[in-house]
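So that the names make sense, note that chain A is the first sequence line, chain B the second, and so on, each numbered from 1. On a predicted model such as this, the values are computed, not experimentally measured, just so you know.
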There are 2 protein chains.
Amino acid sequence: MATDHRPGLDLEALRVLTLVADLGSISAAARAEQISQPSASKRIQVLERQLGLELLDRRTRGAVLTAHGSMVTGWCRAVVEATDALVTGSQALSARAAEQLSIGASQTIAEYLAPSWLGEFRRRGGKPTVQLRVANSQGVIAALRAREIELGFVETPTIPSDLRSRRVAVDRLVLVVAPDHPLARRRNPVSRAELSTMALASREDGSGTRDTLHVAMEHAMAPAAVELDSNAAVKVLVSSGSYPAVISELAVANELRDGRLVEVPLRDVELSRSLNAVWRRGTRLGAAADQFLLTARPRRGRG
Amino acid sequence: MATDHRPGLDLEALRVLTLVADLGSISAAARAEQISQPSASKRIQVLERQLGLELLDRRTRGAVLTAHGSMVTGWCRAVVEATDALVTGSQALSARAAEQLSIGASQTIAEYLAPSWLGEFRRRGGKPTVQLRVANSQGVIAALRAREIELGFVETPTIPSDLRSRRVAVDRLVLVVAPDHPLARRRNPVSRAELSTMALASREDGSGTRDTLHVAMEHAMAPAAVELDSNAAVKVLVSSGSYPAVISELAVANELRDGRLVEVPLRDVELSRSLNAVWRRGTRLGAAADQFLLTARPRRGRG
DNA sequence: GCATAGGTATAGCCATAGGCTATGCCGCTA
DNA sequence: TAGCGGCATAGCCTATGGCTATACCTATGC
C-alpha cells in the first residue's frame, strides 16, 4: 500500500482469531492456516491495535480469549461464515461444465441457501465439484429438461408432472415496510382485500416470489408500483420508506431481526411455500446428486 | 506479502463492489471510498480474477452488474454487514469512559443485537460515542445502580422494582440438536417432563439463558451434562452430536436456516422471553439514551 | 534444581500488493 | 467534430506482511 489511510481489516486475521479461539494457541492456529507462528502472532497484534482491544491473554501454555476477545470472536465468526458462503457460492458459479455434478436454482434459493448447502456438502466429504446455475424457476425446469443440469431447486408452487420433486425447505413470504412507514404501527392484521389494493414494490414478472404471491391472491392484485429484478433492490426501496413489499422471509431475516424493516402481519392470506428439489421423472439420481439432496434436506421443528 | 500463497480476499474490494452496484460506476465508488479510480478498478479486477467470474459489464457510461455479479454482490453485502457489526461492536467495547453515553448489555443481546443497534443509532445521526459494557444480567443491573451505565439491556425474566423497563425485543429459547441426533427425527413435540430428564449442554450458572430455562421449568431440571460459558461453545458441542441444548433463537438462527442444527419442537414449555431495556427509576433518560432506546424499539409482526 | 519443551514476541530481511499520477482509449452527447 | 465521462494500463514507490533466527518465559520432568 502507498500512503497510510484508515484501518482496512484483514479477513485472514479474523480467521486466525477464530482458530486461536478454537485451538487454544496462536501456534496451533498458525499451523492450521499454514503460516508461520510469527505471522499469526503479528496478525493478531495488528487486529488488536486496529480494534483498540486486547483480545488474547497470552499465557505460557497458550492463549485464551479475554472477555472482549470472546465478543469479538463471535462477530468474527459471522464474517468468516459470510466469506465462506461468498467463496463457495462463487466457486460453484465459476465451475466449468464437464464437471461432475450440475445443479440449478432459482434466485432466492441460490442466494440464501445454496452456499450453505455447498459448504455442507463439501464438509461431509462430497467429492465432485458442483456447478451452480442460477435462473428463475421456469429456467431451472427448462435446463432440467434439456439435461443441462441433473438437479434443480425451485420456488414455484406448481411443478410440471414430468418432474419428480421433494420438499427441501419451507419459506414464507412476508409483508414488510420501513420502520417509519404508517403500516409499521399497525396492530391488527392486514386483510387480503386490503393487500390486493396496495401499490407494492415487486419483483419482476416470472420470478418465483411474484408467482407465489399472485397465486395466493388468486391474481386479484393491484398493479405493482415498481418492478425490480433483485431482492436487494426491493429491500433498498422498501427501506427508503416509499412502498411496502411482499418478499421472502429468507431475504429479510437480518433486517427484521435488527429492525431495519418491520413485518406487517397478514390475516387472510397463506404465503407459506415449499422450496422443492426437482429432477427428471424416471431418471435415477447419481450418487453425488443423491448426496447433495440429502444435504439440503428439510429442517424440522416449527418450519 | 512475501511468497505468494492462496487468494486471501480483500474486504475493501468487497465493499467497493457493493458501492459499484449501488452507484453505477467504478469512479463513483472510488470517490465514495476516498481512493483513486485506478485503485478501485484494480481491486475489482483482482476480485474477479480470484473468484474466476466476470462481475461487471463495463459500459462507456458506467458499469453494471452481470448476472454472476449480482449474486456475488448479494453475498458481499452479507460480509460487509457482518464486518460493520464487528467494527461498530468493537468500537463500542473500546470506547473509553468519560464518553457521552454508556450502556450495558447481557451476553446474548450484546453479541447479536447491540452491533445492529449501534450502527442504526449512528446512521440516524446519533452523535455521541456509545460505550458498551458486557456482563450477565445481574452485572448489568449492578452497573446501573452504581451509575456506571445509563441504560441497560437484560434477558432476565425478573426485573427489580427500583428499575424501570421497556420491552425492546422478543426472544425464544429453542431446543436444538445436531441433524444426525435421534431427536432430530422426532415428529411429536417433546414434553416438559421429558425435557426435564435430558442431559443438556448448558450455559454457565448466572447466564440469562440458563435462568430463563430454569424459571420456565420451575427448577425441575436434570443437572447439566456440560457447562460452557459461551453460546459459540454450546453450538460447537451440539453440532458434534453429543448433546441437545436449549439456547436463544438469536444465537442459532443461521444454523437452523441452513440445517447445521435442527430445532426440536416443545409442547408443555413456554420459552419465549422479553428482552428489556432497563434504567433507574426516577431518572430522566438523557437525550442520547432516549434516542438509543428508540432505535432499539421492538419489532412488530409475529414477534 | 536444572534442563527441556512448548508457547510467544522481536529483529531484520525481502518480495510484492496495492496506492497514486499520468496517460490512452472508447463511445456517448452536445 | 470536439469534448467529456468512464475505464484500463503503465510506471513508480512505499510499507505491509511473509519468513527465519533468536530471545524470553514458565510449566514439567528427571
Measuring to OP1 and OP2 of [N], would you say a side-chain N or O of [X] lies under 4.0 angstrom away?
| X | N | value |
| --- | --- | --- |
| B:Arg43 | C:dG19 | yes |
| A:Ser41 | C:dT10 | no |
| B:Arg58 | D:dA8 | yes |
| A:Gln34 | D:dG18 | no |

Per-nucleotide protein contact along nucleotides 22-30 of chain D, 5' to 3', at a 4.0 Å heavy-atom cut-off (B base, S sugar-phosphate only, - neither), is ---BB----
Grab the [atom1]-[atom2] distance between [X] and [N] for me, whole Å please.
| X | N | atom1 | atom2 | value |
| --- | --- | --- | --- | --- |
| A:Lys42 | D:dT20 | NZ | C1' | 13 Å |
| A:Leu14 | D:dG17 | CG | P | 12 Å |
| B:Ile26 | C:dG19 | CD1 | P | 14 Å |
| A:Leu11 | C:dA17 | CG | C1' | 16 Å |
| A:Ile44 | C:dG7 | CD1 | C1' | 14 Å |
| A:Leu23 | C:dG7 | CG | C1' | 14 Å |
| A:Leu9 | D:dG17 | CG | P | 11 Å |
| B:Ile35 | C:dT21 | CD1 | C1' | 15 Å |

With sugar-phosphate meaning primed atoms plus P, OP1 and OP2, does [X] contact a base, only sugar-phosphate, or nothing at under 4.0 Å between heavy atoms?
| X | value |
| --- | --- |
| A:Ala63 | sugar-phosphate |
| A:Ser36 | base |
| B:Ser25 | sugar-phosphate |

Are a donor atom and an acceptor atom from the side chains of B:Ser242 and B:Ser240 found within less than 3.5 Å of each other?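 Short answer, yes.
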Quick one: does any side-chain atom of A:Ser41 pair with a main-chain N or O of A:Gln37 as donor and acceptor, under 3.5 Å?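 The answer is no, because no donor-acceptor pair under 3.5 Å joins these two groups.
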Report the distance from atom CD of B:Gln91 to atom CG of A:Leu53, rounding to the nearest 0.5 Å.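 It comes to 10.0 Å.
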Heavy atoms from C-beta onward define the side chain here; which of D:dC7, C:dG7, C:dA9 lies closest to that of A:Arg31?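 Of D:dC7, C:dG7, C:dA9, C:dG7 is nearest to the side chain of A:Arg31.
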Among C:dT8, D:dC7, C:dT10, find the nucleotide with the atom closest to the side chain of A:Gln45.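 Selected nucleotide (nearest to the side chain): C:dT10.
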Identify each donor-acceptor pair in which a side-chain atom of residues 67-75 of chain A lies under 3.5 Å from a protein atom, sequence neighbours left out, and give them as a table.
from: A:Thr73; atom 1: OG1; to: A:Gly69; atom 2: O; distance (Å): 2.6
from: A:Trp75; atom 1: NE1; to: B:Glu111; atom 2: O; distance (Å): 2.8

Is the count of non-hydrogen atoms from other residues, nucleotides or ligands lying under 6.0 Å from A:Arg58 atom CZ greater than 12?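 Buried by this count: over 12 neighbours within 6.0 Å.
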From the options A:Asp10, A:Asp84, A:Asp22, select the one residue that forms a salt bridge (charged side-chain N to carboxylate O under 4.0 Å, His left out) with A:Arg15.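 It is A:Asp84, the one option of A:Asp10, A:Asp84, A:Asp22 that forms the salt bridge (charged side-chain N to carboxylate O under 4.0 Å, His left out) with A:Arg15.
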Exercise: identify the closest heavy-atom pair between A:Asn136 and A:Ser106: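 Shortest heavy-atom separation between A:Asn136 and A:Ser106 comes out as C-CB, 4.3 Å.
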